[in-house]
Chemist: 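Quick one: the structure is below, questions incoming.
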Amino acid sequence: MTDPETLSVTIVDGYVDEPAHFGVPPYISTYPRYAAGALVDAGVPRDQITYHTIDRLRDQPDYWRDVDEADLMIYLGGMTVPGKYVGGTPAEPDEVRKLAWTATGTSLMGGPVKFGVGDENAGATETERQDLDFDFVAKGDVEAAVHDLVDSGLEGFNNRMRDLDEVSRWAQQGAFIVEQHPNHPAHLICELETSRGCAYRCSFCTEPLYGNPEFRPPPTVVGEVDALSDYGVKHFRIGRQADILAYGGDGEAPNPDAVRQLYSGIREVAPDLETLHLDNMNPITIVNWPEKSREGIRIIAEHNTPGDTAAFGLESADPVVQEENNLNVTAEECFEAVRIVNEAAGWRPGEDPADAPTFGDGAPRRLPKLLPGINLLHGLKGEREETYERNRAFLQRVYDEGYMLRRINIRQVMAFDGTDMSDTGAEIAHDHKQLFKRYKKRVREEIDNPMLERVAPPGTVLPDVHLEYHQDGTTFGRQLGTYPLLVGVPGERELGRTIDVAVVDHGYRSVTGVPYPLDLNAASMNELTAIPGIGDSTAGDIVVNRPYESIADADLGTAFDLSQFVTTRSLESAD
Ligand code: SF4
C-alpha cells in the first residue's frame, strides 16, 4: 500500500481539443487542474506534484527525468475535433507511447483520448481507442480515476464519473498547478467549465457521450476563478459547455438569473481580470426563447471583454444533411440567432448598446463586445454538391443583410466510436475533397475578407497583442481570448512581448497592424508602407523630412484617415 504523503506524481499535458473544451496553449484545460486537485484531495502534498506540457518535454529533454522517476505518471490528452494550432503542438501517438515506456512508476492515461486516437490530428480521419501501453486508462473521468487510484494505494480504480461536490472541491484545490505552466502568468488563459453533456444528439459529436447537461452552480465556478486569480491568472474563457445560454436552466431553456450570478460573481472576485470570453452558444436556444436569450446575451456583453465570440454550431445549411444527422438548427433559425446576437451584443466599447450592430466610419475603433461565429462541418451523411452552395449562400446573406460574424470555422468530420457517424466514417469527406477545397477558398475570398473589414475596420485598436513568431520578415501575434485574430506586424520584433496594435489591412482570417499609437517620428519604412496608400516613395519622404510637430505637417499622400492611430509623440515628449 503506497502512502499518498510519500507519492511523487508527474502530470503530462498532451493537450485537448473537444467540441466544448479547449486546452492547447495559451489555454490550459480543466483536466490538469482537476487532476491536481484530486491528488491533493487524496492526500498527495502539493510540492510533490509536477506538471509539464508536452512542448516543454520536447524543448527541454532533461524534464523526461520527471516522467521516469515519478511514482505515478498521468498523461492527459486527446483531440476529438481536428485543428491546427499556433501556441503548441498536441502529443502524437508515438510520443504518448514513449511516455508510457519511460515511466518506471505506475502510468495512467485519461481525458478525451478515451474516445479514440487517429493516426494524426486531422479532419477526415477515423479513430480507434488504443491503450498506448499505459498501465491504466481512465474510461470514466480521469480526475475520479486519479483520486481513486491514489486512494487504493495505486492498486486500481473503478471507472466512474465525478460528482458535483468533487469537481467543485478539486477545481479549487488544483488551481495551484497553473504556476507550473510555461505560459504562466501573463500568457495563460484558463478554460472554465460550467457544464458537460448536451440535450441534443448531433450525429458526429462526442458531447452527448457525457449525457444530459449537468450545471456547476455559480458559487463553485466563481470560487474556482477566485482561486485561479490568487495564483496570478488574469485571462478566462467560459468554454467548457455546449451552450452558455442554457446555463443553470432545465437543460434547454435559458435562465438569465444564473448567467448574471455567474458573470457578476466572476467580476467581483477577479476585478482585475483582463480577458473574460466564452465559447459555445446554441442558436436553437435563442430561437426558441428569444426574450430570455436576449437578456442573457445582454448580461454577457455587460460583463465580458471585447472581441468575444459565441460560436454557433450550424454545421450545415442543407436541410437534407440536417435531417440525416439530427442537427438541431435550420439555416433560417440560425440567421435569426445571428441577428439577435448582433442586436443585443454587437456594440463596441464607447457607444450606446442600443445602436448595435455598428460598423463603418462612425463606429468606435474597438472590436464589438460579442458576435456570433459560425461552425460548418463537411463530410456529414447526406452531403451533396448543393450542400456547399447552400452553406456559402447562408454566409453571403448574413453579410448582405448587414450583420457581423466574428469568425467562420469550416472543418471536415472526424468519426468517433459511439457517435452515429462511426458507420459512415470519413468516406464522404474523402470523396468531396476537391469540392471542399474550392468552396473553402471561395468563402475565404468572398466572405471572410469583407466581413473581417466590417468587424475590425482600419484603425481598430487591438490592445495587448502577444508576439508569437516570425515569418518572412513579419512578426505574428494574437490577443489572448476566444478565437483571437492573427495579427501580422511588419518587421521582426522581440517575441514574447505584448504590444497594442492598430489594424491597417485585412487578409482572409488575419489582419495587418502597426504598433499603436504609430509615431511618425520613429516609425520604420515597413510600418509606414503597411498603411494603405503609402508606398515606398511616400514613406521615404516621410522619413527624410522628420521631425514633425503634428501629423498635419507631414505630406502623407493618402486619403486614409490616420488621425485615429498616428501621433508625433516622440517630438512632443522631447519638448
Ligand atoms: S448541440 Fe449538437 S454539436 Fe452541439 S454539443 Fe450538442 S450534440 Fe454536440
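As the structure is a prediction and not an experimental result, all values here were calculated from the model. One-based numbering, in listed order, for ligands and for the atoms of each. Just so you know, residue 1 is the first one in the sequence shown, and it goes up from there.
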Chemist: Measure the distance from atom 8 (Fe) of ligand 1 to every protein heavy atom, then report the residue, atom name and distance (to 0.1 Å) of the closest one.
Modeler: C205 SG, 2.4 Å
Chemist: Does K369 come within less than 4.0 Å of D308, counting only side-chain N to carboxylate O?
Modeler: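 Looking at K369 and D308, the cut-off is not met.
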Chemist: Taking 4.0 angstrom as the limit and counting only heavy atoms of A242, give me the atoms of ligand 1 inside it, by number and element.
Modeler: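 Near A242, meaning under 4.0 Å from one of its heavy atoms, ligand 1 has 5 (S).
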Chemist: Using a strict cut-off of 4.0 Å, indicate which atoms of ligand 1 neighbour a heavy atom of P208.
Modeler: 7 (S)
Chemist: Quiz question for you: does at least one protein heavy atom lie closer than 4.0 Å to atom 4 (Fe) of ligand 1?
Modeler: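 False for atom 4 (Fe) of ligand 1.
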Chemist: Numbering the atoms of ligand 1 from 1, which are under 4.0 Å from a heavy atom of N282?
Modeler: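 Heavy-atom distances to N282 below 4.0 Å select 1 (S).
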Chemist: Are the side chain of R348 and the backbone N or O of T358 linked by a donor-acceptor pair below 3.5 Å?
Modeler: yes
Chemist: For D141, run the side-chain hydrogen bond (donor to acceptor under 3.5 Å, both in side chains) check against H147, R196, R160 and tell me which one passes.
Modeler: R196
Chemist: How far apart are the C-alpha atoms of V96 and Y75, what are their side-chain angles, what is the distance that settles it, and do they pass the side chain to side chain contact (heavy atoms under 4.5 Å, CB included) test?
Modeler: CA-CA 8 Å; V96 182; Y75 170 73; 3.6 Å; yes
Chemist: Measure the distance from atom 2 (Fe) of ligand 1 to every protein heavy atom, then report the residue, atom name and distance (to 0.1 Å) of the closest one.
Modeler: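 Nearest protein contact, heavy atoms only, for atom 2 (Fe) of ligand 1 is C202 SG, 2.3 Å.
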Chemist: Verify, without hydrogens or angle tests, whether N342 (side chain) and G346 (backbone) share a donor-acceptor contact under 3.5 angstrom.
Modeler: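 No; judged by distance alone, with no hydrogens or angles, the pair does not exist.
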Chemist: Name the one of R240, R237, R407 that satisfies salt bridge (Lys or Arg N to Asp or Glu O under 4.0 Å) with D279?
Modeler: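 Of the listed options, the one satisfying the test is R237.
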Chemist: Show the numbers, then the answer: is there a side chain to side chain donor-acceptor pair (under 3.5 Å) between H378 and Y439?
Modeler: CA-CA 11 Å; H378 287 273; Y439 144 91; 2.9 Å; yes
Chemist: Could you tell me whether D243 approaches ligand 1 through its side chain, its backbone, both or neither, with non-hydrogen atoms closer than 4.0 Å?
Modeler: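 It is neither part, as no heavy atom is under 4.0 Å.
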Chemist: Heavy-atom pairs closer than 4.0 Å: do any link ligand 1 to the side chain of N328, the backbone, both, or neither?
Modeler: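 N328 to ligand 1: side-chain contact only, backbone stays beyond 4.0 Å.
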Chemist: Tell me which protein heavy atom sits closest to atom 6 (Fe) of ligand 1, plus the residue, atom name and distance to 0.1 Å.
Modeler: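 Sorting protein heavy atoms by distance from atom 6 (Fe) of ligand 1 puts C198 SG, 2.2 Å first.
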